[in-house]
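Since the structure is predicted, the reported quantities are computational estimates derived from the model, not experimental observations. Each chain gets a letter, A, B and so on, in the order the sequences are listed, and its residues count up from 1.
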There are 2 protein chains.
Amino acid sequence: MSKIKETSTNFANKQALADECPEAYAANIIGGQWALVICSWLFNGKLRFGELRKLLPNITERMLTLQLRKLEEHKIVKRTVYAEVPPRVEYELTAIGYELKPIIKQLEEWGAKHKAQNIK
Amino acid sequence: MSKIKETSTNFANKQALADECPEAYAANIIGGQWALVICSWLFNGKLRFGELRKLLPNITERMLTLQLRKLEEHKIVKRTVYAEVPPRVEYELTAIGYELKPIIKQLEEWGAKHKAQNIK
DNA sequence: CTCATTACTTACATTTTTTATAGTACCTTA
DNA sequence: TAAGGTACTATAAAAAATGTAAGTAATGAG
């Protein structure tokens, strides 16, 4: 997140994978440390920057900004700025972003099941 | 991939997230650069190390090893070594690993749809 | 004896991601 | 005049992930 080096092997590999594997392409989009959790909260409706920050107690403002920007860039979330003082900015999922809901829900169920199996 | 620093903020954050969000927990497990693609190939049946390497032309042996080890550690794949020379090692999905199939398939579909929307 | 095969391992370098800390602009209220 | 709230940005550093290149063990074929 920040500038990526478009001459690196890593970049080339990601491109190649994303080209031929839609699942890798998807993983690149929703693959940050906090992206899935941000989306999970947004499934319930729009939230302000500060609300998200409170919901994710350990996230730094910088990371929250970066992840939101990335999600916005990929058209997963929509950002709306209200010209008020103090500023108000709301984030909400787009249609395609909302379509992740069932997938993430299943991933949640799988995760819970896996955890239950492996913890004991 | 190698030693993680258990005193880092990053480690603490991952732990905390994984504790309360099964989707983050799941993402940690299947979240390497190549993990999803490896699983995708294994959905069709067991494969040898060398076969996987050929299917993933750009992966290095080191990365393939690391990702397989991680998947094995999390009981997503099962590793079987045949005491032959030259050695033969086969990888196959476990039951819980196989349960990822429908989820990854949906993620693929989502990815393809998203790509179609955003490329034009 | 030498070479080929297979599935790795190791040491090291580079790139990417995440965290830490300190600002900024704007207006409102006290 | 000063403080406060909101949503950021800039810069640096730490940590994690990935890549590069070389080497290993065992054995059978030639």
**Prompt:** Can B/Ile76 and B/Leu42 be said to form a side chain to side chain contact (heavy atoms under 4.5 Å, CB included), step by step?
**Reply:** CA-CA 10 Å; B/Ile76 309 299; B/Leu42 289 177; over 6 Å; no
**Message:** With side chain to side chain contact (heavy atoms under 4.5 Å, CB included) as the criterion, how do B/Trp41 and B/Glu51 come out once you've worked through the C-alpha distance, each side chain's angles and the decisive distance to 0.1 Å?
**Reply:** CA-CA 10 Å; B/Trp41 282 111; B/Glu51 291 173 322; over 6 Å; no
**Item:** B/His74 vs B/Ile96, side chain to side chain contact (heavy atoms under 4.5 Å, CB included): CA-CA, chis, key distance, verdict
**Value:** CA-CA 10 Å; B/His74 289 297; B/Ile96 189 93; over 6 Å; no
**Item:** Step-by-step side chain to side chain contact (heavy atoms under 4.5 Å, CB included) determination, B/Asn13 to A/Ile59
**Value:** CA-CA 8 Å; B/Asn13 282 347; A/Ile59 201 170; over 6 Å; no
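At a threshold of 4.0 angstrom between heavy atoms, the contacts of A/Arg48 are confined to the sugar-phosphate backbone, with no base atom among them. Using a 4.0 Å heavy-atom distance criterion, A/Tyr91 is classed as a sugar-phosphate-only contact.
Side-chain contact between B/Leu68 and B/Leu52: present, with at least one pair of heavy atoms (C-beta onward) separated by less than 4.5 Å.
Between the C1' atom of C/dT16 and the CD atom of B/Gln33 lies a distance of 10 Å, rounded to the nearest Å. Put simply, CG on A/Leu17 is 11 Å from P on D/dT18, counting in whole angstrom units. Across the protein-nucleic acid pair, B/Arg88 atom CZ and D/dG28 atom P stand 16 Å apart, rounded to whole Å. As rounded to whole Å, 13 Å separates atom C1' of C/dT6 from atom CG of B/Leu64. Spacing between atom NZ of A/Lys46 and atom C1' of D/dA7 amounts to 17 Å, rounded to whole angstrom units. Residue A/Leu66 contributes atom CG, which lies 12 Å from atom C1' of D/dA10 at whole-angstrom precision. C/dT9 atom P lies 14 Å from atom CE of B/Met63, rounded to whole Å. Nucleotide D/dA15 holds its P atom 13 Å from the CD1 atom of B/Ile4, rounded to whole Å.
At D/dT6, none of the side-chain N or O atoms of A/Arg53 fall inside 4.0 Å of OP1 or OP2 (strictly under the cut-off). Here B/Lys14 does not reach the OP1 or OP2 of C/dT17: none of its side-chain N or O atoms lies under 4.0 Å away. Considering only side-chain N and O atoms, B/Asn13 lies nowhere under 4.0 angstrom from the phosphate OP1 or OP2 of C/dT18. Within the structure, a side-chain polar atom (N or O) of A/Ser8 is placed less than 4.0 Å from OP1 or OP2 of C/dT16. Between B/Gln67 and D/dA17 there is no side-chain N or O to OP1 or OP2 distance below 4.0 Å. The side chain of B/Thr65 contributes no N or O atom lying less than 4.0 Å from OP1 or OP2 of C/dA7.
Atom NZ of A/Lys14 sits about 4.5 Å away from atom CG of A/Asn10, to the nearest 0.5 Å.
Salt bridge annotation for B/Arg69-B/Glu73: absent, with no cationic side-chain nitrogen under 4.0 angstrom from a carboxylate oxygen.
Judged by closest nucleotide on DNA chain D, A/Arg79 is the one of A/Arg79 and B/Ile59 placed further toward the 5' end. Of the residues near DNA chain C, A/Gly31 and A/Thr9, the one whose nearest nucleotide (by heavy atom distance) lies more toward the 5' end is A/Thr9.
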**Complete:** Heavy-atom contacts, protein to nucleotides 21-30 of chain C, under 4.0 Å, summarised as B (base), S (sugar-phosphate only) or - (none) per nt, yield -----BB---
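Ring pair B/Tyr98/B/Phe43 is perpendicular by interplanar angle, where above 60° counts as perpendicular and below 30° as parallel.
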